[in-house]
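Since the structure comes first, as structure tokens, the remarks are kept for the end.
All values reported here derive from a predicted model rather than from experimental measurement. Reckoned from all heavy atoms, side chains included, excluding hydrogens, waters and symmetry mates. Order of appearance sets the numbers: ligands from 1, and atoms from 1 within every ligand.
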Amino acid sequence: MEKIVIEGGRRLEGEVTVSGAKNAVLPLMAACVLAEGVSTFSNVPDLADVRTMGKLLEMLGARVNLADGVLTVDTAGVDKWLVPYELVKTMRASVLALGPLIARFGRARVSLPGGCAIGERPIDQHLKGFGLLGADIKVKEGYVEATASKLKGCVVPFDISTVTGTENVVLSAVLAHGQTTLLNAACEPEVSELCGVLNKMGAKIEGAGKDIITIQGVTSLEPVDMHEVMPDRIEAGTFMVASVLTKGDLTIKNCRFEHCGAVAGKLIETGAELTRTNNGVRIKGGCRTKSVDISTLPYPGFPTDMQAQLMVLMSVAEGLSVVTENIFPQRFMHAGELRRMGADIKLVGNSAVVRGVPKLSGAPIMASDLRASASLLLAGLAAGGRSELSRVYHLDRGYEKLDKKLESVGARVWRETQ
Ligand code: EPZ
């Protein structure tokens with residue numbers, strides 16, 4: 001097992017480039033199952049989760065290759081529809097195989113995802129959508145067993161805004177007979193990216209990015225040729241916080257500012273200086289960061305995937321900040337680790353009351369989930385002295401060489417075998 005060692009207290013300065021978005025490429029890989037043939041993508045990050053999704057597709061009979069940011073998926077040999085618990089328990093996004101398998105083969109057997117560090121992760125809305133489209137859904141021995149002769153378009157009213165729920169139902173409705181209308185659909189940019197690629201493959205989807213999406217079913221789809229995956233807005237936000245936290249001056253390249261509005265707005269409120277560049281942003285940290293309140297919401301609200309990173313910044317800001325987590329109410333595993341570094345954080349229900357302290361102190365810290373591990377790495381950068389972050393496999397699930405990128409702009413970080 002590896003750990004990351006961080007010598008804190010150094011200012012970050014220079015240019016970093018954001019990689020392709022994990023939460024865009026995972027549904028895009030699932031979408032390949034819908035079309036027989038070879039689909040290719042560029043700007044694909046080499047992440048553990050991307051490798052896991054590749055293994056899932058290979059278990060279904062596909063051939064997958066990822067090299068130098070180019071992903072090739074050949075689905076001509078796909079002839080299985082089982083996704084086992086062993087795979088789903090390591091990556092919840094495996095449930096995205098359900099929609100394409102039901103649509104293309106009329107059947108799927110996919111393990112229910114367990115909970116995870118950020119909370120219970122139900123998929124009732126996914127199953128509601130498939131059921132309304134005419135699939136017969138059974139839950140047996142921890143697996144979803146779905147069968148459908150031919151899906152029939154209908155209205156699918158979601159009870160809650162769900163990103164992969166919206167994606168999964170879109171992935172099945174594109175081959176349904178007739179029109180499907182999703183109500184209360186998720187508006188995240190990754191949903192729009194998926195719908196845009198599906199339309200390139202021959203689907204007829206309108207309204208992506210809004211809460212009402214209409215899909216005119218078609219009989220078949222064609223593979224996609226060299227789609228460039230959108231940049232990762234959460235990685236971009238993570239770098240923005242790193243710059244402000246270290247009173248640095250970072251130019252973040254290959255970042256779509258229009259996807260980062262809520263995070264950029266909050267950082268400006270704290271006193272950061274942010275200017276747009278032609279393909280990203282430049283952000284400088286002020287002398288003393290002001291405390292602000294954060295409340296996570298579905299897009300375009302403040303993203304839950306940036307909550308832990310902002311909590312680190314608030315833990316050394318001037319004043320009191322209330323961080324309210326409305327998406328995953330238990331998503332505060334990082335708070336305990338930050339307390340060990342000297343942060344003053346009290347959890348009250350689904351909120352954390354953070355009183356800024358002048359400085360955190362380095363300590364041995366443990367990652368618990370993807371975004372918490374990124375936030376603890378940032379905390380180590382800002383802390384005085386040395387920190388050692390263990391269980392970095394959480395970080396490697398969703399960030400491509402984050403420690404290397406931080407080192408390239410002045411951070412003193414390196415990996416050691418634990
Ligand atoms: C996606 O997860 C992202 N993952 C998450 O990113 C992200 O935190 C989340 O959306 C919210 O933005 C991927 O895209 C692969 P949801 P998802 O369904 O789709 C409840 C990361 O760090 N819900 O939008 O699983 C659910 O419990 C990861 O990259 C139901 O009740 O999240 C939650 O409270 C972490 N029933 C809320 O909806 C359902 O059927 C939003 O969850 C589905 C969801």
Side-chain angles (χ1 to χ4, degrees), residues 19-31 45 47-50 52-53 56 88 90-99 110 112-132 137 139 144 156-171 182 184-194 211 229-230 232-238 259 262-263 296-309 324-331 333-334 350 367-375 394-400 402:
S19 300
K22 165 181 85 82
N23 290 348
V25 75
L26 295 178
L28 290 175
M29 292 175 77
L47 303 171
D49 275 9
V50 172
T52 302
M53 186 59 92
L56 182 155
V88 178
T90 61
M91 184 185 68
R92 188 184 170 288
S94 309
V95 296
L96 284 166
L98 269 169
V110 177
L112 277 168
C116 69
I118 64 176
E120 206 248 320
R121 308 287 295 272
I123 60 166
D124 57 294
Q125 298 296 304
H126 304 228
L127 304 184
K128 172 180 179 179
F130 301 138
L132 290 171
I137 303 288
V139 175
V144 174
V156 177
F158 285 108
D159 301 312
I160 189 168
S161 173
T162 159
V163 175
T164 50
T166 301
E167 291 167 345
N168 229 343
V169 177
V170 166
L171 286 164
L182 306 188
N184 193 20
C187 305
E188 271 69 4
E190 294 77 18
V191 175
S192 302
E193 172 95 344
L194 173 66
D211 60 346
V229 175
M230 64 180 269
D232 192 318
R233 60 191 170 96
I234 303 302
E235 184 187 8
T238 304
H259 293 163
V263 173
T296 65
L297 288 169
Y299 190 88
F302 190 90
T304 174
D305 291 350
M306 280 298 304
Q307 178 258 104
Q309 296 90 316
T324 302
E325 176 53 70
N326 296 305
I327 309 294
F328 297 110
Q330 294 145 23
R331 193 175 198 170
M333 296 285 281
H334 41 287
N350 67 326
S368 54
D369 65 271
L370 170 56
R371 306 304 173 182
S373 46
S375 73
H394 287 293
L395 189 75
D396 295 335
R397 288 191 50 180
Y399 285 94
E400 190 177 41
L402 179 61

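Heavy-atom proximity to Ile123, at under 4.0 Å, picks out these atoms of ligand 1: 39 (C), 40 (O). Close approach of ligand 1 to Pro122 is summarised as follows: ligand atoms under 4.0 Å from at least one heavy atom of the residue are 27 (O), 30 (C), 31 (O), 36 (N), 39 (C), 40 (O), 43 (C), 44 (C). Heavy-atom proximity to Arg371, at under 4.0 Å, picks out these atoms of ligand 1: 21 (C), 22 (O), 29 (O). Set against the non-hydrogen atoms of Glu120, the atoms of ligand 1 under 4.0 Å away are 27 (O). Within ligand 1, the atoms closer than 4.0 Å to a non-hydrogen atom of Gln125 are 36 (N), 39 (C), 40 (O), numbered from 1 in the order shown. Atom numbering of ligand 1 starts at 1 in the shown order; those under 4.0 Å from a heavy atom of Ser161 are 24 (O), 41 (C). With ligand atoms numbered from 1 in the order given, ligand 1 contributes 40 (O) to contacts under 4.0 Å with heavy atoms of His126. Near Lys22, meaning under 4.0 Å from one of its heavy atoms, ligand 1 places the atoms 21 (C), 29 (O).
Partner of Arg371 under the side chain to side chain contact (heavy atoms under 4.5 Å, CB included) criterion, out of Arg331, Gln307, His334: Arg331 alone.
By the 4.0 Å heavy-atom criterion, Arg331 is counted among the residues contacting ligand 1.
At a 4.0 Å heavy-atom cut-off, ligand 1 touches Ile327 through backbone and side chain alike.
The distance from the CG atom of Asn23 to the CD atom of Glu167 is 8.0 Å, given to the nearest 0.5 Å. The structure places CZ of Phe158 at 11.5 Å from CG of Asp211, a figure rounded to the nearest 0.5 Å.
The distance criterion of under 3.5 Å between nitrogen or oxygen atoms is not met by Phe328 with respect to ligand 1. Residue Leu370 has no nitrogen or oxygen atom sitting less than 3.5 Å from a nitrogen or oxygen atom of ligand 1, judged on distance alone. An N or O contact shorter than 3.5 Å is missing between Thr304 and ligand 1 by distance. Where the criterion is an N or O separation shorter than 3.5 Å, residue side chain and backbone included, Thr162 meets it with respect to ligand 1.
Counting only distance, with no hydrogens or angles, the side chain of Lys128 and the backbone of Pro157 share a donor-acceptor pair below 3.5 Å. In terms of modelled atom types and a separation under 3.5 Å, the side chain of Asn326 and the main chain of Thr296 share a donor-acceptor contact. Side chain of Ser368 to backbone of Met333: no donor-acceptor contact under 3.5 angstrom is found. In this structure a side-chain-to-backbone donor-acceptor pair under 3.5 Å is present from Glu325 to Phe328.
Between the choices Ile160, Asp159, Val163, the shortest heavy-atom distance to atom 10 (O) of ligand 1 belongs to Val163. Selection from Leu26, Asp124, Val95 by nearest heavy atom to atom 36 (N) of ligand 1 gives Asp124. Distances from atom 2 (O) of ligand 1 to the heavy atoms of Arg92, Arg121, Met53 put Arg121 nearest.
Of the charged side-chain nitrogens involved, none lies within less than 4.0 Å of a carboxylate oxygen, so that Glu235 and Lys22 do not count as a salt-bridged pair.
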> Between Tyr399 and Ser373, does a side chain to side chain donor-acceptor pair (under 3.5 Å) hold up when you go through it step by step?
Replying inline: CA-CA 10 Å; Tyr399 285 94; Ser373 46; over 6 Å; no
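In this view, Asp369 satisfies the salt bridge (Lys or Arg N to Asp or Glu O under 4.0 Å) rule with no residue, not counting sequence neighbours.
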Which donor-acceptor pairs under 3.5 Å do the side chains of residues 90-99 make with protein atoms, sequence neighbours left out?
unit_1, atom_1, unit_2, atom_2, d
Thr90, OG1, Leu87, O, 2.6
Arg92, NH2, Pro122, O, 3.3
Ser94, OG, Met91, O, 2.6

